[in-house]
Amino acid sequence: MSANKEQKRADYIKQGGILAIASLVVRIIGMVYRIPMSNILGEEGNGIYAVAFEIYDLILIISSYSIPLALSKIISALQAKKQHRNTGNAFRVALAFGLISGGFFGGLLFAGAGWIEKHIYPEYGGVQIPLRVLAPTIFIVAVLGVFRGFFQGKKTMIPTAFSQVVEQVINAVVSVAASYLFMKWNVESIHRAAWGAAGGTLGTCLGAASALLIVLFVYWIYRPVQERLERKDRNRKTYSSKYLFGLLIITILPIVLSQTVYNISGLIDFKIFGALSGAAGMDNIVIKSMVGVYSSKYRVLCSVPIAISTAMASSMIPSAVAAYTEGDQEQWCYNVSAGVKVNMIIAIPCAVAFIFLGGPIVKMLFASSNYVLGGHMLTAGSVAIVFYALSNITGGALQSIDKMRYPVIHSAISLAIHVGIVVLLLKFTDMGIYALIVGNIVFPMIVFGLNYLAIQRFVPGYTQEVTKTFLAPLAASLWMGVVLVLIYCGAGLVISSNTVCTLIAIAFGIASYFVMLLLLKGMTKQELFDLPMGRRLYLLACKMHLMK
């Protein structure tokens, strides 16, 4: 293998690692601040917050969420051909699109918040309040996404990663403070919980605004470089703004449709659960409280490892597009298989840890709320993490070879099956909120299966190694699960604090997992080197006689 290809492979893993680490930090911060915010809001406020965010996410996806991914794909392909003028034009067209789309849909959400509450989600009274606070965020994120997509297409994830971390820090501080203050200022209001949820959404708005300022500053510094590249560009093929706009729309639409189907499942779940549970006699406050536990415990904790898979999928696409554009199938196959493997090394142990230690983890983080139900949900449904990771990566792989309509079709098929299962379970069983968990597992499982079959059809040379990708992480994770239980129970004999016992168990569990993974040869020396701080990890493994 040539040195150039080795460098490309290392760069892909490192850039993906940068974004994945940033996403992990962001999710950890998000989980940490959701703990006090969840306790401030109470289960009713958490339910309103969850529904408002699902609505916001859906409108964000339709308006602008796909811009970073789509623009990075276009710019990556243009960069591979050294078409710098076209790169600059594509960025400017995308910026105009983001300004118009973000402004329109942000205004639409603000104006239509009352109608949404009255006609679609009457079970969640007060949801229009946090929706109106979220409306300006649509515009801010649309513009922010253009700059992030530009830098990702240039194959540098640092501006995106850094701005994400700062965004989440501001979000965390403002969300907790504003939730407390808004509830305090509206203590006599019947919509006190909704005002608390609005405080949480204010943090989202101000966090996005701070991230936008950062990427604007980075672009201001980089702009002379881009202008110099455009001046030196001798490529005669210059695309018109009309052509680039059409290309952007064609690239965006499949991603929008796919992500819309992905995210609308949550809104449909909340509506189905609210309507069918209300018809069965459940009180609206109980409905909001159950949804609050589901969203603020189960989904928040599962979202941490899922965010890493999303980051790896996003970082994989520019490199995979470049490989596909250059006709380098070997490099493309490496990008996809490496993305799957890194995801499984992270997703499988996270799922197993939640299965074995779900209750104590939720109790440690959410001690003042319904941690028993939250722990049961986490234990029952954490396997969804693995399938979401697989569906994200395989969906990104199909997008990179211009088969973008297939993830849309697969998501639509899965959504139809998902809705049918949830409705049947709610109507004919007493599973209650656990019906949503079953649906949450089935949905990504079907998407992954269909995506994988499509990849096999369109890229016959692609095969995913099984032993080191799946079996080694699974075996190491099961061993870790045993260690978690033994250490937790053993520590409990001498320490009365659940938090201390859980943290000790997690520390030993992480160490035991990586030791066992290396003993099972789940990672090679080169794969370890390709990771951020890989050389240090390798030296540590050598000192422990785990690698040579």
Side-chain angles (χ1 to χ4, degrees), residues 10-34 60 64-73 75-76 79 87 91 94-95 98 102 137-176 202-226 229 303-319 339 342 346 392 396 530-534 536-537:
D11 288 345
Y12 157 62
I13 294 294
K14 286 186 184 298
Q15 290 299 322
I18 289 169
L19 201 55
I21 289 171
S23 294
L24 178 60
V25 172
V26 164
R27 289 295 177 174
I28 290 173
I29 295 171
M31 184 178 66
V32 169
Y33 91 77
R34 283 294 297 271
L60 190 65
S64 60
Y65 188 79
S66 57
I67 290 177
L69 195 58
L71 184 58
S72 70
K73 185 176 185 295
I75 287 181
S76 178
Q79 286 288 110
T87 296
F91 166 74
L95 184 58
T137 318
I138 299 289
F139 174 77
I140 295 168
V141 173
V143 179
L144 173 62
V146 175
F147 288 94
R148 283 176 170 171
F150 174 78
F151 287 114
Q152 288 173 24
K154 293 275 188 176
K155 295 183 182 178
T156 174
M157 305 299 167
I158 294 174
T160 295
F162 180 69
S163 65
Q164 282 180 343
V165 173
V166 174
E167 176 184 2
Q168 191 69 322
V169 170
I170 300 296
N171 183 8
V173 174
V174 175
S175 293
V176 174
L202 180 62
T204 306
C205 182
L206 296 183
S210 64
L212 177 59
L213 291 175
I214 289 170
V215 294
L216 283 171
F217 176 72
V218 174
Y219 179 76
W220 178 71
I221 294 173
Y222 180 78
R223 186 178 176 180
V225 177
Q226 177 62 29
L229 289 172
S303 71
V304 176
I306 291 173
I308 298 173
S309 73
T310 304
M312 288 299 297
S314 297
S315 63
M316 177 194 73
I317 288 177
S319 298
V342 171
I346 297 167
N392 282 337
D530 288 345
L531 294 174
M533 297 192 300
R536 292 182 182 180
L537 293 172

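This structure is a prediction, so every number in the text was calculated from the model and none was measured.
- When each of Val143, Thr137, Val141 is tested with Phe139 by the rule side chain to side chain contact (heavy atoms under 4.5 Å, CB included), just one qualifies, namely Val143.
- For the residue pair Ser163 and Ala211, the shortest heavy atom distance occurs at O-CB, 3.6 Å.
- Minimum heavy-atom separation, Gly203 to Ser175: CA-OG, 3.4 Å.
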Mind running side-chain contact (heavy atoms from CB on, under 4.5 Å) on Phe150 and Gln226 for me, showing each step along the way? CA-CA 11 Å; Phe150 174 78; Gln226 177 62 29; 3.8 Å; yes
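- Residues Val218 and Pro159 come closest through the heavy atom pair CG1-CG, 4.1 Å.
- Across all non-hydrogen atoms, the minimal contact from Val146 to Ala94 is CG2-O, 3.4 Å.
- Within the 4.5 Å cutoff, no side-chain heavy atoms of Ile214 are placed close to those of Glu167.
- Nearest heavy-atom pair, Leu206 versus Val174, reported as atom, atom and distance to 0.1 Å: CD1-CG1, 3.8 Å.
- Judged purely by atom type and a 3.5 angstrom limit, Ser210 uses its side chain to pair as donor or acceptor with the backbone of Gly207.
- Note on ring orientation: taking the six-membered ring where Trp is involved, the planes of Tyr219 and Phe147 are perpendicular (angle over 60°, cut-offs 30° and 60°).
- Between Ala142 and Gly98, the closest heavy-atom pair is CB-O, 3.4 Å.
- Leu216 CG to Ile221 CD1: the interatomic distance, rounded to the nearest 0.5 Å, is 11.5 Å.
- Note that OG of Ser72 and CZ of Arg148 are 13.0 Å apart. Values are rounded to the nearest 0.5 Å.
- We find the CD1-CG distance between Ile140 and Leu60 to be 11.0 Å, quoted to the nearest 0.5 Å.
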